[in-house]
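Here is the structure we will look at, set down as structure tokens.
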Amino acid sequence: MQADIATAARSGQTVESGSPESARLAQCIGVPCEVFPGEKRVATVPDVVAKLIKLGFTVVVQSGAGAAANVSDAEYQKAGATIVADATQLWASSDIVFKVRPPTADEVALMREGGTLISFIWPAQNPELMQLLTAKKATVLAIDALPRTLSRAQKMDALTSQAGVAGYRAVIEAANAFGRFFNGQITAAGKVPPAKVFIAGAGVAGLAAIGTAAGLGAIVRANDTRAEVADQVVSLGGEFVKVDYEEEGSGGGGYAKVMSEGFQQAQREMYAKQAKEVDIIITTALIPGKPAPKLITAEMVRSMKPGSVIVDMAAEQGGNCELTEPGQSVVKHGVTIVGFTDLVSRLAMQSSTLYATNLFRLSEELCKTKDGVINVNMEDDAIRGLTVTKDGAITWPAPAPKQAPAPAAAKPAAAPAAKKAHGHGEASAPMAGNKLAILFGVAAALFWLIGANAPKEFMSHFTVFVLACFVGYMVVWNVKPALHTPLMSVTNAISSIIAIGALVQISPITGATDRPDSLITWVAAAGIVLTAINMFGGFAVTQRMLAMFRK
């Protein structure tokens, strides 16, 4: 076949090994099979392939790349991808390669010189790999190096998406190894108590585990060195267990920091107590670039009840439990210790879909022109943080992201008018007091004149009127708008006062020798009807407004 790979990709044909390449109309994204033992994920899925093509890229997928995640070659072809027969052809024909695991030395050897790689890299742990990639003059975006403190980077955060899957799967593995129900039950055969689960670490994976275990009906407890996650634990149905030692545990980039020896000793004592009480322990403590801290000692394992389970999510970095065997599920001292290193791969379809979406969001940032050509913009904090090599030059570690400019300080309120020069006008503050004194003096003189010349009955009625105005003002404006808008609260308060006054006018006064005339009675009755309509109508409108926000 004489057509080049990119042209074949647009037509959805299968390209056999040995097909020649020529100039591309747009950059080609290649998705090879993962060669890491036990890895079932794939870097993209058919739904995302269609979206990448809309961005202008062509997509080639190695035959069988999605098989372990239950995605067939036919599904990729239907989405618009081209299937290539082997890894050599795929690496050679791809401008950009999407991967999950860091490439091996053999894979780097197959890579096009000057090509682009987007994958997990872990540059601090893989210095030899970094040297191989620079020798290829590659541009490498390490998805694990994304600055997680940037809010706009959340959509590209593959660490978070994969950790959430791992936390969920850890609970499923615990339930599989546990010999009882998670939720409590009362049956004719007897009462089954709920399982007690303790989760060490309340990061993304830990929170996912808390929510899953609580959803299954277990009693969930959790601990983390970062005190601020306590509310998150409680919101997911767990109980936060605090270490009896005061120390701030937040580290950079959303991770916990290494704690002091005093804190670690208090933490071990708390873990020892929990180990004796709970049925399941799930550990998630891991700081990138460092060995996993040992949280669960052999003595703690011995103190656990027979049939208990430990799921060590940090097994790949040595494990949080002293007795963990990475990659294995073993029974020691009657306790099942699950040290699987492929928890995410055990939900391959789900984790692949999330990872593929993260890479697609990254592709949108790299190709804002939607012409199938990426632009690695080193002025963009997120892209700069991801880029560990650029055209063969090592750019890792990235500088700290630029701080957002501080909001402009609010302009100070206009100062009172400056005092004028002596003899030229009046000073504002003293004159305000003088005006108030003059106003009260005039009002007092006016009231005295009225009182001296008005009938006796007038002053009593006038006094009641003034007091009524004051009381009415306080009653109306102190109504709290708990069930209404402030305006509706005020109108209802006024309506209530009117209704009370009308009722007083309608009803005969005890001991009175005469009754109100018929005109006052009818006016009062009309006032009651109108205020009743206003009040009950207000409640009806409020209920309709509240109903709009109910599910």
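All figures in this text were calculated on a predicted structure; none of them were measured in a lab.
- Contact check on Arg101 versus Glu39 returns a salt bridge, with a Lys/Arg side-chain nitrogen under 4.0 Å from an Asp/Glu carboxylate oxygen.
- Identified under the salt bridge (Lys or Arg N to Asp or Glu O under 4.0 Å) test for residues 176-201, with sequence neighbours left out: Arg180-Asp279.
- Ring geometry, Phe178 versus Phe182: the interplanar angle exceeds 60°, so the pair is classed perpendicular (tilted spans 30 to 60°).
- For the pair Lys276 and Ser303, the minimum side-chain heavy-atom distance is below 4.5 Å.
- Residues Val42 and Ser352 come closest through the heavy atom pair N-OG, 3.0 Å.
- Thr88 and Asp86 are not linked by any side-chain donor-acceptor pair at a separation below 3.5 angstrom, with hydrogens and angles left out of the test.
- Between Ala26 and Gly56 the shortest heavy-atom distance is CB-O, 3.1 Å.
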Determine whether Gln267 and Asn223 satisfy the following criterion, side chain to side chain contact (heavy atoms under 4.5 Å, CB included), listing intermediate values before the conclusion.
CA-CA 9 Å; Gln267 187 181 54; Asn223 168 261; 3.6 Å; yes

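- The 12-atom threshold is exceeded at NZ of Lys305, counting heavy atoms of other residues, nucleotides or ligands nearer than 6.0 Å.
- When all heavy atoms are compared, the tightest approach of Ala209 to Val171 is O-CG2, 3.4 Å.
- The shortest side-chain heavy-atom distance between Leu159 and Leu146 does not fall under the 4.5 Å cut-off.
- Rounding to the nearest 0.5 angstrom, the gap separating the CG atom in Asn183 from the CD1 atom in Ile219 is 11.0 Å.
- The number of heavy-atom neighbours closer than 6.0 Å to NZ of Lys137, taken from other residues, nucleotides and ligands shown, is 12 or below.
- Here Glu75 does not pair with Lys78 in a salt bridge; the nearest charged N to carboxylate O distance is not below 4.0 Å.
- A donor-acceptor contact shorter than 3.5 Å links the side chain of Asn320 to the backbone of Ala285.
- Note: Phe98 and Phe57 fail the aromatic proximity criterion, with ring centroids not under 6.0 Å apart.
- Within 6.0 Å of CZ in Phe340 there are more than 12 heavy atoms belonging to other residues, nucleotides or ligands.
- Remark: Lys99 engages Glu34 in a salt bridge, criterion side-chain N to carboxylate O under 4.0 Å.
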Please step through side chain to side chain contact (heavy atoms under 4.5 Å, CB included) for the pair Ile96 and Ile374, ending with a clear verdict.
CA-CA 9 Å; Ile96 308 162; Ile374 65 171; 3.7 Å; yes

Is there a salt bridge (charged side-chain N to carboxylate O under 4.0 Å, His left out) between Arg361 and Asp157 once you walk through the steps?
CA-CA 9 Å; Arg361 297 303 180 190; Asp157 191 355; over 6 Å; no

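- To the nearest 0.5 Å, atom CD of residue Gln232 and atom CG of residue Asp224 are 9.0 Å apart.
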Kindly determine whether Arg268 and Thr297 satisfy side-chain hydrogen bond (donor to acceptor under 3.5 Å, both in side chains), including the steps that lead there.
CA-CA 9 Å; Arg268 284 191 290 268; Thr297 64; over 6 Å; no

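- When all heavy atoms of Ala214 and Val220 are compared, the closest pair comes out as N-CG2, 3.6 Å.
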Please walk me through it: do Glu325 and Lys332 pass salt bridge (charged side-chain N to carboxylate O under 4.0 Å, His left out)?
CA-CA 11 Å; Glu325 294 185 14; Lys332 296 184 179 181; 3.1 Å; yes

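- Judged purely by atom type and a 3.5 angstrom limit, Asn375 has no side-chain atom pairing as donor or acceptor with the backbone of Leu366.
- Using a 3.5 Å distance cut-off with no hydrogens or angles, the side chains of Arg148 and Thr160 do pair a donor with an acceptor.
- Between Lys51 and Glu364 there is no salt bridge, since no side-chain nitrogen of the basic residue lies less than 4.0 Å from a carboxylate oxygen of the acidic one.
- Within the 3.5 Å criterion, the main-chain N or O of Lys390 finds no donor-acceptor partner in the side chain of Thr387.
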With side chain to side chain contact (heavy atoms under 4.5 Å, CB included) as the test, would you mind laying out the steps for Thr58 and Ile29 before giving the verdict?
CA-CA 6 Å; Thr58 60; Ile29 295 175; over 6 Å; no

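- Contact of the Leu295 side chain with the Gln264 side chain is not registered, since no non-hydrogen atoms from C-beta on lie closer than 4.5 Å.
- Considering all non-hydrogen atoms of both residues, Gly327 and Thr341 come closest at N-CG2, 3.7 Å.
- Of the possible polar contacts, one joining the Asp144 side chain to the Ile121 backbone as a donor-acceptor pair under 3.5 Å is found.
- When each of Thr389, Thr116, Asp391, Thr395 is checked for a side-chain hydrogen bond (donor to acceptor under 3.5 Å, both in side chains) with Thr139, only Asp391 meets the rule.
- Sparse packing is recorded around CZ of Phe181, with 12 or fewer heavy atoms of other residues, nucleotides or ligands lying under 6.0 Å away.
- Using a 4.5 Å cut-off on side-chain heavy atoms (C-beta onward), Ile310 and Thr336 make no contact.
- The aromatic rings of Phe198 and Tyr271 stand perpendicular to each other, their planes meeting at an angle above 60°, with 30° marking the opposite boundary.
- For Asn358 (side chain) and Lys155 (main-chain N/O), a donor-acceptor pair under 3.5 Å exists by modelled atom type.
- Taking the charged nitrogens against the carboxylate oxygens, Asp342 and Arg41 have no contact shorter than 4.0 Å, which rules out a salt bridge.
- Proximity of Val84 to Val61: side-chain heavy atoms (C-beta onward) are nowhere separated by under 4.5 Å.
- Interatomic distance, OG1 of Thr82 versus CD of Gln62, reported as 14.0 Å (0.5 Å rounding).
- The minimum heavy-atom distance between Ser351 and Ala348, with the atom names listed, is OG-O, 3.3 Å.
- Under a cut-off of 6.0 angstrom, the local environment of CD in Glu246 is sparse, with at most 12 non-hydrogen atoms contributed by other residues, nucleotides or ligands.
- Sparse packing is recorded around NZ of Lys370, with 12 or fewer heavy atoms of other residues, nucleotides or ligands lying under 6.0 Å away.
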Between Ile143 and Leu362, is a side chain to side chain contact (heavy atoms under 4.5 Å, CB included) present by the stated rule, with each step listed?
CA-CA 9 Å; Ile143 201 70; Leu362 173 58; 4.1 Å; yes

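- Between Val100 and Ser119 there is no side-chain heavy-atom pair separated by less than 4.5 Å.
- Between the side chain of Lys40 and the backbone N or O of Ala67, no donor-acceptor pair lies under 3.5 Å.
- Between Asp312 atom CG and Ser329 atom OG the span is 11.5 Å, to the nearest 0.5 Å.
- Atom CZ of Arg346 sits about 12.5 Å away from atom CD1 of Ile172, to the nearest 0.5 Å.
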Worked check of salt bridge (charged side-chain N to carboxylate O under 4.0 Å, His left out) between Glu269 and Lys273:
CA-CA 6 Å; Glu269 292 173 2; Lys273 179 181 178 182; over 6 Å; no

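- Here Ser308 contributes atom OG and Glu277 contributes atom CD; the two are 12.0 Å apart, rounded to the nearest 0.5 Å.
- Counting only heavy atoms from C-beta outward, the side chains of Val60 and Ser94 approach each other to under 4.5 Å.
- Within the 4.5 Å cutoff, the side chain of Ile118 has no heavy atoms near those of the Val97 side chain.
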